[in-house]
Structures are given as C-alpha cells and as structure tokens.
Amino acid sequence: MLTTVCINTQQARKRTLFLQKIADRLNELLDQLNTAQQQAVVSSEGPVMVIAGAGSGKTRVLTYRIAYLLNKGTDPFNILALTFTNKAAREMKERIIQLVGSNDARNVWMGTFHSVFAKILRIEGHLLEYPHNFTIYDTDDSKNLIKNIVKEMQLDPKLYAPGMIFSRISAAKSNLISVDDYLGNSEIMESDRIANRPMTGEIYRFYKARCFKASAMDFDDLLYNTNLLLRDFPETLLKYQKKFSYILVDEYQDTNHAQYLIVKKLAARNENICVVGDDAQSIYSFRGANIQNILNFRNDYPDLQTFKLEQNYRSTKTIVSAANSIISRNKDQIYKQVWTSNDEGALIQVLRAATDAEEGALVANSVFQAKMNEQLPNSAFAILYRTNAQSRALEEAFRKLNIPYRIYGGLSFYKRKEIKDLLAYFRLVVNPADDEAFYRIINYPARGIGNTTVDKLTLAASENGISVFEAAIQANIAVPALAKSTVQKIIEFTEMIRAFHTQLAKMSAYELGRKIATSSGLLKELAADQSEEGLSRMQNSEELLNALKDFSELEQTLFPADNEETTDNTVSRTLDLFMQEISLLTDADSEDEDENNKVTMMTIHAAKGLEFPHVYIVGLEENLFPSIMSLQSRADIEEERRLFYVALTRAEKKVTLSYAESRYRWGNLSMNEPSRFLDEINSSFIEQTTRRIRSGPDNNTVMQKAPVFIKKNLKKINDSSPAPENRSETPVELIQPGIEVEHERFGKGKVLSVEGSGPNIKATVFFQAVGQKQLLLKYARLRIVN
DNA sequence: GTGTGATATCTTTTT
DNA sequence: GATATCACAC
C-alpha cells in the first residue's frame, strides 16, 4: 500500500522539465525572503527549530521549505507536514499548489495530527485489533458513554460529571497514561480520592473497554493508539520512519506529550525534522498542550539549528509595540524582539458600552463608518471574542445595520441535531458495533422501542460481551423478558440496518445515504415539522445529502495518498469512505466561495493563524477576558495574556477594543470591571477619547424588542397574557425580604427570605396563587411590584 | 411507551 | 436562553 510509486520514463522526463521550472521560480521566490527566512527554508537536513513571531511569515517559510524539498527531488510521498487545524492544512496545501503545481503538492502527507494518524490507524489498526472502519467518537459521544457508565456503576452523576471525568481521561491519554498506569499511580489515585472521585480510574477502565468493543476511538485515542502502534511494532515504526524522511510540524508550541513523542519517534531515524512555533502564541494548554515541548526542544537534538523570525510583515508599528508591551509581562518565554518596518498606523481605539447590546451596536457602527470612510469590503473586518456565547449580541447589531457577517465555530454544521442523527444512521450502517450511534437512533424516529427495552438490550449486551446491535439481533433469545411485539420492532430495525450494510460496497455514498434517510423515516419525520426550525433542519439534512452527492461524484480524494497504488476512479466512492473523511471535520470546514464578502466573527482561538486589516476585540472585561476560570494561577493568567497577544496580532491596520459595563451572562445581568489587559497596554498606543461614542442617531433602536424573532414555543391560544411590555429586569440585589414581587408564571407574591450568595442566591417567596416557593434568583426573573 | 411541562445545570477555549 | 432530566398524565 505504501510502497514507492513507480514512475515510467516518460513521466520522469516530464517531471525533470517541470522541476526546472520550479527551480527558476524558487530562486525568484527565495529572493523575496529575508535572511532568517531563507536560512530556515534551505536548511533542509537535520533538526531545525523556527521560532516565528506573530506575522513574521511562518506559513511562508513552511510552504517554501516544502517547495524547496520538492525542488531538490524529494518525493512528495516522503514529506509529512502536520498542522492543528484542517484550515491550516488546506491553506498550506493551496499555497504549495501555487508554488509547485497540484500534482506534487497533493501527494504530500499534509493534514492535522488527528487526520494523519487516523489514516495510519486505518491502515495499521489491525495490529491493535481495530478494524479499518473504526468509528471516531466525538466529544458528545464520549461524554454520553461516560454518563452511561457512571449510571451503570451506580455512582453519583453529580459528583462524577461526564465532562469532568472526560477531561480527566483525556488528560491521561494525552500524557500516554494507560488504564493500568492510572490505577497504579498513587499520586493520581490520591488526587482523585481528595476530589472525592476515587472511582475515576475504574470509569477510565470501562470507558476504554467499551470504546474498544464498539470499534471506536475518541480524539485522544487517535494519538494514544498511534503511539502504541509505533512503540510495540518496530517494523511498523521503521516503515513510517523510512516513509517520512522529512517531517514538518506547524504550531509546535501547541503539541501535547503524545504528539511530541510520536513526532520524536517518527523523526528518530533521519532527524530531518523542522518544527515551527511561537511560545508567545501557546493557547491550548487546557487541552494538554505542553509549552515545554518547544522550550526544551534543544535537549532532544543537540545539533539543532534554531532560526528566529522577528520581523513582522503584518501589522503597523503601533500594533506590534502594543502587543509586545502586553507579552513582555509574561515570565515563561523564549526571548525575541518582534519588530516591523511598517508604518506607525492608527492608534488603538477603545469603545466603552453600558451593556452588551450597546457594545454590539457600537462595534457594528464603527465597522459601518470605517467601511464608508475607507471604502473597505466587509471581509476586511473581524470581530474576535473570548467565548462563543458573545456572538449573539453582535449578530443582532450587525443584522440591524444590514452588514453581512459570517460566524465561524459555535454550533457548527456537524454538531446540529438533525445532522448528528443522520450521521448516526450512517455510522451504524458502516460500523454496527458503534453503540453510541445505536442509542442515538434506535428510537428516532419513534418506533416504539423505549428506555426500558434499551436498558434490557444494554444489559444483555454487557452480559454477553457483545455490542448492543448484536444483542438486538438476538433479542428473542438473548433478552427473554421482552414482549413479542417489542422483539418484532427490534428485529425490523436491525434488519433495516443490515440491509443497508450489505449495500455499502454496491451503492455510491449518495445513493445509499439518500436511501437511508428516506427508508428510516428520518426525512418524513423532518418534513412533518413545518415550523421555521423544522424547515431549516430539513434544509440542513438536504445539504448533507448534497455533500454526499458531491463526494460520490468527486474523482479524486483530497488525500489521494490513501490510494497510492490504486488509481482506480471508476468505483464510485462509498459511504464508509465518506464517513472516514468527515469524522474529523469539525468547524464549518466548508468554504462557500460566494460568501466571501462578510465580516468575520469568531473566537480568538479560532482566529489563530489568520489576519485581517481591522480587528475588533470585544468583551474586554474581568472574569470574561481574562476568563473567570483562569484567575487562579499565574500560568493560567499568562495563557489568557498570550491569547490577548494572539488577538492583537491578527490585525494589519487597526485594532479596536471594547467592553461593556454590564452584560447578560447565562440569563442574568452581571457587572464587570474593564479587563486588566486594557491597563497593560502602554497608554501611548491608545487613542485618548473621553467622548462617549453614541450608537447612532436612533439610539433607542437597541432597546426596542425586535419583532423579527418568532418565539420558538408558541404559546397556546388560550394563554391570552398580554405581550410583555418592556419588562425591566430587576437587579438581584434589590430582592429583599418583605418586598412584593411578580413572577411570570406564579403571579404576585411576597419575599419571605433570601439566602445564598453569588450566582446561587435563593429567595423564598409566598405567592398568592401557588403558595410558598423557593426560587433561584438568577433564573426567576422576578419583577418588583411597587 | 410516549408526550408534556417543570426543573436543573450550564459556558471557556478545540481536534 | 438552551438543553438535559425528571415527574406525571395519557
């Protein structure tokens, strides 16, 4: 499968000619690089580390380096380039295509850590007793499974919160701690005991076993198992060491221990490894990234060549200096002096708003004015925020001014319920052992198989060591307690899935996908819902089927390295191939070409590696940015500061910062101080205005209730309560014993007592209609009656 | 077993 | 505000 490709002589001649052309072009291009960049590009042999300051042409170095290698005659199949996001991989690929043409570029092994390792595991996974068609569990699947395990072990689900346990397991795997290591490590066990969760290790054990039985790997397994493979099968290791004679790693500062070790192993034979990164932009330690990997890289390779890229080509002097003034407050860093020869540029503007809604309006207005004054397209602007939840207020404001925008991340396409449902059908058809997929769809659309039945099936499955699907097939014998009619329903379901399964190789992905969507009743179920959301769900499902169609008709895969030997394109591409390709696509990886001219809104994390002429960083408030979760330790604060650094350095021309004095956070109003980061920027870079910028001539539009939104759960007709007149929310502090209040549902009442603090303030209220109630104030939305 | 409404919990950041 | 979970009626 991975043997060298034979090239016949004619092809070879063509190739030589072609390479000549590249050589000319490369020399031309090398002239455009500065000295440090050139050195980093041409030092192709031996270990190399490139410390690349923000905007210093990092991607350029990586792409030119690959082009340079190809130019020297390196076989593209022998180059491995690892990135963290699909977007980064795709962009790099596109740029290399521009440099060397598509044939060579396409054959470079380039992708995210996860996708490349998934590919290797599909080929070699049998060594670890995984089938090639294993499922990849996303975070929701993992948490669901953990939730079930906790339930089965009869542990307290509040104590053993799935998210908490999952991050614990994830951290263990990222550090290559096996189940046995975990259970045998007294330190870890002690910390679990102190946290009052002594059974965490046991959950890890069950989780691991259940994933394995379901032929499923989670994201961490893709790294963990690759490591296992390379550790325990020396021949396999050697095979890939030989194959990947040149290795490049982007964003090296964000690697975790597992990634570090895999790269180290793969590079051990040739040591032609080039890592590129910037310690100042390390923002993923919450995901196990270990900044020491880059700080200590030298220790692993004594003859390491290090190049520092310190000239920033992206931003104005003001932005670069402001960013430097921020990052210099951090202690842990590799010394470097980022500078630029660009213009001084505009000062940083700070917008102050009273509320989050006003902040949105100010930002939208500012964008509108800048657009008009400077005749800029929408795509010149990016709005960056700390949390996805902040996008709502911004969206509303932009909609009001009719400025087109595009949100990246957040509820991505593949996370929508209807999409996950449909995909769960596909998953089960491809891999019937996929228990999580089974649970998701066994009774959707409703087919009379309820919780009790599913519980019985689960029990039978675990007693017999088989998958739930297997148990369902044998429902009549394995689960005697079931009613005859129930068994009949179960058999109908399993027969349907099995029928689809046999069609896998015979039909194209699209044909089979369409058939599944139809005969499962999914489409009918969706069509029955004529509400606005129902229609959009229908559209989304159709969109997925369209993607299947495109996929089926596509002649070549994005990664033809899959089929180095077989270039047989006549077989139409099947559903299991489709599932392999999309399971690692998360964010809106689909790029709509016609959606180009829009303002970008995204989290700062998502913005890493991107650049925009105008950048707005919003929500600069204590407890939000820096996040309240990060105030505990210096290391955490430093990471938030690096995040701010990343945000600032996305900008080419101008940065605008904003904050709101109050904002709605999970339902109720909270007041926050302006962020400490505002003070940390040297004030000489900030435009000094005391003038409060107003949000436009019709200032009160912000406050009006927009009639555009249709309430999701339409009230029943007999509920003739008048439309809520501009209800003023009552600050929680004003709720005191003795006060008369009104509740939306319970009506009027009197506060008897108030207890608790912070977000958990509770009030005991006596309502005339319903009697005494205890209410959490942050949800109750009490209104004071005068 | 299904469907409804009330209640509880929740939010960093992502492959 | 949005979603998972629980309790209860059918």
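First the proteins, then the strands, lettered A, B, ... as listed; each starts at 1.
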Rounded to whole Å, how long is the line connecting atom [atom1] of [X] with atom [atom2] of [N]?
X: A:K420; N: C:dT3; atom1: NZ; atom2: C1'; answer: 13 Å
X: A:D250; N: B:dT15; atom1: CG; atom2: P; answer: 14 Å
X: A:E640; N: B:dT11; atom1: CD; atom2: C1'; answer: 13 Å
X: A:K608; N: B:dT15; atom1: NZ; atom2: P; answer: 11 Å
X: A:K143; N: C:dT5; atom1: NZ; atom2: P; answer: 13 Å
X: A:L384; N: B:dT14; atom1: CG; atom2: P; answer: 12 Å
X: A:Y408; N: B:dT14; atom1: OH; atom2: P; answer: 14 Å
X: A:K151; N: C:dT5; atom1: NZ; atom2: P; answer: 8 Å

May I ask you to verify if any side-chain N or O of [X] is less than 4.0 angstrom from the OP1 or OP2 atom of [N]?
X: A:N144; N: C:dA4; result: no
X: A:N388; N: B:dT14; result: yes
X: A:K147; N: C:dT5; result: yes

Give me the distances for all protein-to-nucleotides 6-10 of chain C N/O pairs that come in under 3.5 Å?
none

Salt-bridge criterion met for [X] and [Y] (N-O under 4.0 Å):
X: A:E638; Y: A:R634; value: yes
X: A:D421; Y: A:R537; value: no
X: A:R399; Y: A:E396; value: no

Select base, sugar-phosphate, or nothing to describe what [X] touches, counting heavy atoms under 4.0 Å on all strands.
X: A:F286; value: base
X: A:T452; value: sugar-phosphate
X: A:F625; value: nothing
X: A:D220; value: nothing

- Item | Residue whose closest nucleotide on DNA chain B lies nearer the 5' end, A:T139 versus A:V454 |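 In this pair, the answer is A:V454.
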
- Message: Need to verify one output field. Residue with the more 5' nearest nucleotide on DNA chain B, A:T387 or A:I449?
- Response: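 Of the two residues, A:I449 wins.
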
- Message: Using a 6.0 Å distance limit plus a 45 degree cone around the ring axis, check whether A:K608 lies over the aromatic ring of A:Y284.
- Response: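 The answer is no, since A:K608 fails at least one limit relative to A:Y284.
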
Return the nearest nucleotide to the side chain of [X]; candidates are [options].
X: A:R392; options: B:dT14, C:dA2, B:dT15; result: C:dA2
X: A:H605; options: B:dT2, B:dT15, B:dT14; result: B:dT14
X: A:T603; options: B:dT2, B:dT13, B:dT11; result: B:dT13

- More than 12 non-hydrogen atoms from neighbouring residues, nucleotides or ligands closer than 6.0 Å to CD on A:E152, yes or no?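 More than 12 within 6.0 Å, yes.
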
- Could you check if a side-chain atom of A:D250 sits within less than 4.5 angstrom of a side-chain atom of A:F84, using non-hydrogen atoms only?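 When only atoms from C-beta onward are counted, A:F84 and A:D250 do not touch, as no gap falls below 4.5 Å.
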
- Expected output: side-chain A:D141 to main-chain A:D138 donor-acceptor under 3.5 Å: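 At least one qualifying donor-acceptor pair exists.
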
- Query: With sequence neighbours excluded, what pairs up with A:S167 under the side-chain contact (heavy atoms from CB on, under 4.5 Å) test?
  - Reply: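 A:S167: no side-chain contact (heavy atoms from CB on, under 4.5 Å) contacts found.
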
